[in-house]
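Hydrogens, waters and symmetry mates play no part in the numbers below; they use all other heavy atoms, side chains included. Because the structure is a prediction, the values reported are computed rather than measured. Positions are given from 1 along the sequence.
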Amino acid sequence: MRFLKRRPISSLLSVAVVGAGASLLHPEVRDYLHLSSLAAEPAAETAQAAPPAMPVPVERVSRRTLPVYLDYPARTEAIRSVSLQAKVTGYLEEQTVADGADVKAGDVLYALDGRDFETALDQAKAQLQRDNAQVDYLRSNLARGEALSQKGFLAKDGFDQRTSALRQAEAAVAISSAAVQAAELDIERSVLRAPFAGRVGRSAASVGTLVTSGNTVLNTLVQLDPIYVTFNPSEKELASIKAALAKGEVTAEISLPGAEGSDNDRHYAGKLTFVDNRLDPSTGTVAARATIGNGTFDLLPGQYVHLRLSVGDEPNVLMAPQVALGSSQLGKFLYVVGKDGKVEQRMVEIGRTDGDQVAVLSGLAENDLIISGNLQKIWPGVPVEPLPVKVASR
C-alpha cells in the first residue's frame with residue numbers, strides 16, 4: 001500500500017486504462033481493484049429485485065359429455081341418373097335449356113319437329129270418324145233385320161251376319177280410338193321433359209339431328225338433392241354403427257377436404273340410410289351409404305368428401321384447450337398453475353378432439369387451471385398471475 005500512498009487514485013486508474021492488460025498492472029493496483037469489486041458485490045445483489053409474476057390466461061378443466069364420431073373418406077353418388085332419349089323418331093327442332101342448367105321436374109328440355117305426329121293424329125281421328133259412321137249404319141241395319149226376323153221375312157243366318165258385322169265395326173272403332181291415343185302420345189313424347197329435378201349435362205345432339213326412337217342419347221340428367229355419400233367402415237367399427245342404429249337415427253355430416261377454416265368451409269347434414277349385408281373379405285370393410293341434403297347443388301356426383309358419423313356420446317370426459325398442449329421427447333404435456341402460484345408441467349395422455357378442445361385421459365384433475373397463453377415465456381417453477389378464469393368448452 002506504500003505505492004498507493006505515493007500515487008493518487010486517478011493516476012492509478014490511468015495506469016489501468018493505458019496498460020495493455022491485467023498483467024501490466026502494478027500488483028498493489030490489482031489487489032486494490034479486487035478488494036473494491038468484492039465490496040461492491042453485496043450492494044449489487046441487494047439491487048436485483050425478484051422478477052414479477054407473469055400474467056397468463058387460464059382455463060379451468062371441467063367434465064362434460066363428448067360426442068363419439070367415426071370419420072371416413074367418402075365419395076358422393078347421384079341417387080338418380082338417366083340418359084335422355086326420345087321414344088319417337090323425328091328431327092330435333094329445339095333445345096330449350098342450356099347445357100349444365102338446373103331444372104325442375106316437368107321442365108321442357110328438347111322438342112322434336114311435331115308436324116309428322118300431328119298429321120298422324122289427324123289421320124287416326126278421320127279413321128275413327130269413318131268407323132263410327134259404319135257402326136251407326138250397321139246398328140240400324142241390325143234393328144231392321146230383327147224386325148224382319150220376327151215376322152219371318154229374314155232368315156236366322158242373315159240376322160246373325162248383321163249382328164257379326166256390327167260387332168266387327170265396333171271393334172274397328174276401338175282400334176281407331178287406340179290409334180288416336182297413340183298419335184296423341186307421340187305428340188306428347190316429341191317434347192322431352194325432365195322426369196325429376198336435377199342438373200343436365202352437355203348436349204350430345206345438335207338442332208336438326210335425326211333422333212331415332214330409343215337409340216339417340218340427347219343428354220344426361222342427374223339428381224343432386226338429396227345425394228348419396230358412400231363410405232366403407234371396418235368390421236370393428238360396424239359393431240358401433242349397428243349399436244347406434246339400434247337406438248335410433250344415426251346422423252352424418254359432410255365437409256369438403258381442404259376447406260376447413262376457409263371461406264368455403266361448408267357442412268352438409270344427413271343420416272345413415274344403408275349398410276350392406278356382407279363384408280368384403282379382401283378389405284375387411286362393408287359398403288355403407290348416407291343420404292345428404294344438397295339444396296344448393298354444391299356437391300356433385302363423384303366428389304371426394306369427408307364424412308363424420310355420430311354414433312353416441314361419452315360422458316364425464318376431461319377437456320383441455322388444444323392451444324395449450326405442448327410436446328416433448330417424453331410426450332404431450334400441459335402447464336398448470338400450482339398451489340404456490342408457480343408453473344407445473346403435467347405429462348398427459350390425450351384422446352379425441354372436439355372443436356378446439358381435446359380429451360385428456362390422464363394427467364389432469366377436475367378444476368385444474370390450465371395455462372393457455374404466454375406459453376413461450378414460462379417454464380416449470382416460474383411464478384405466474386392467472387387472469388380471469390374461463391371454463392373449457394366447445
(Q) Does L309 form a side-chain contact (heavy atoms from CB on, under 4.5 Å) with L272? I'd like the steps, not just the answer. (A) CA-CA 8 Å; L309 206 63; L272 180 67; 4.3 Å; yes
[X] [atom1] to [Y] [atom2] distance, which is reported to the nearest 0.5 Å:
X: E344; Y: L334; atom1: CD; atom2: CG; value: 12.5 Å
X: L325; Y: T353; atom1: CG; atom2: OG1; value: 11.0 Å
X: T220; Y: L218; atom1: OG1; atom2: CG; value: 11.0 Å
X: N219; Y: Q85; atom1: CG; atom2: CD; value: 11.5 Å
X: E94; Y: L192; atom1: CD; atom2: CG; value: 12.0 Å
X: D186; Y: S190; atom1: CG; atom2: OG; value: 8.0 Å

Would a distance-only check, ignoring hydrogens and angles, find a side-chain to backbone donor-acceptor pair under 3.5 Å from [X] to [Y]?
X: R162; Y: A143; answer: no
X: T96; Y: V108; answer: yes
X: D225; Y: N294; answer: yes
X: D356; Y: P321; answer: no
X: D113; Y: Y91; answer: no
X: T76; Y: V229; answer: no
X: T216; Y: T212; answer: yes
X: S177; Y: A174; answer: no
X: E118; Y: R115; answer: no
X: D99; Y: S203; answer: yes

Q: Kindly indicate, with the supporting measurements, whether the criterion side-chain contact (heavy atoms from CB on, under 4.5 Å) is fulfilled by V336 and L369.
A: CA-CA 5 Å; V336 300; L369 290 180; 5.8 Å; no
Q: Test Y72 against E237 for side-chain hydrogen bond (donor to acceptor under 3.5 Å, both in side chains), laying out the working first.
A: CA-CA 11 Å; Y72 301 97; E237 296 164 338; 2.9 Å; yes
Which atom of [X] lies closest to which atom of [Y], heavy atoms considered:
X: A53; Y: V384; answer: CB-C, 3.8 Å
X: L387; Y: P57; answer: CD1-N, 3.8 Å
X: L307; Y: A74; answer: CB-CB, 4.0 Å
X: L92; Y: A205; answer: CD2-O, 3.8 Å
X: M319; Y: V61; answer: O-CG1, 3.8 Å
X: P257; Y: V305; answer: CD-CA, 3.6 Å

Is [Y] close to [X] at the side-chain level, that is, under 4.5 Å between some pair of heavy atoms?
X: T89; Y: V211; result: no
X: V191; Y: L112; result: no
X: E77; Y: I227; result: no
X: V382; Y: K342; result: no
X: F231; Y: P73; result: no

For the [atom1] atom on [X], are there more than 12 heavy atoms of other groups (residues, nucleotides or ligands in this structure) within a distance under 6.0 Å?
X: Q322; atom1: CD; value: yes
X: F274; atom1: CZ; value: yes
X: R63; atom1: CZ; value: yes
X: R167; atom1: CZ; value: no
X: F196; atom1: CZ; value: yes

Q: Apply side-chain hydrogen bond (donor to acceptor under 3.5 Å, both in side chains) to T273 and T291, showing your working.
A: CA-CA 6 Å; T273 54; T291 303; 2.9 Å; yes
Q) Side-chain donor-acceptor pair under 3.5 Å between Q168 and S164, yes or no? A) yes
Side-chain ion pair, [X] and [Y], N-O less than 4.0 Å:
X: R64; Y: D354; answer: yes
X: D368; Y: R60; answer: no
X: D136; Y: R139; answer: yes
X: E314; Y: R352; answer: yes

Q: Begin with the C-alpha distance, continue with both residues' side-chain angles, and end with the deciding distance and a verdict on side-chain contact (heavy atoms from CB on, under 4.5 Å) for V82 and L84.
A: CA-CA 6 Å; V82 297; L84 298 175; 4.3 Å; yes
(Q) Please say yes or no: joined through hydrophobic side-chain contacts below 4.5 Å, possibly via intermediate residues, are V58 and I378 part of one cluster? (A) yes
Q: Quickly, which of Q127, Q129, Q134 forms a side chain to side chain donor-acceptor pair (under 3.5 Å) with D131? Name it, please.
A: Q127
Q: Might you work through the side-chain hydrogen bond (donor to acceptor under 3.5 Å, both in side chains) test for R308 and Y69, ending with a clear yes or no?
A: CA-CA 6 Å; R308 168 167 283 189; Y69 296 111; 5.2 Å; no
Q | Residues N316, T65; criterion side-chain contact (heavy atoms from CB on, under 4.5 Å); working and verdict | A | CA-CA 6 Å; N316 298 322; T65 300; over 6 Å; no
Q) Any cation-pi pair here, R199 with F297, using under 6.0 Å and within 45°? A) no
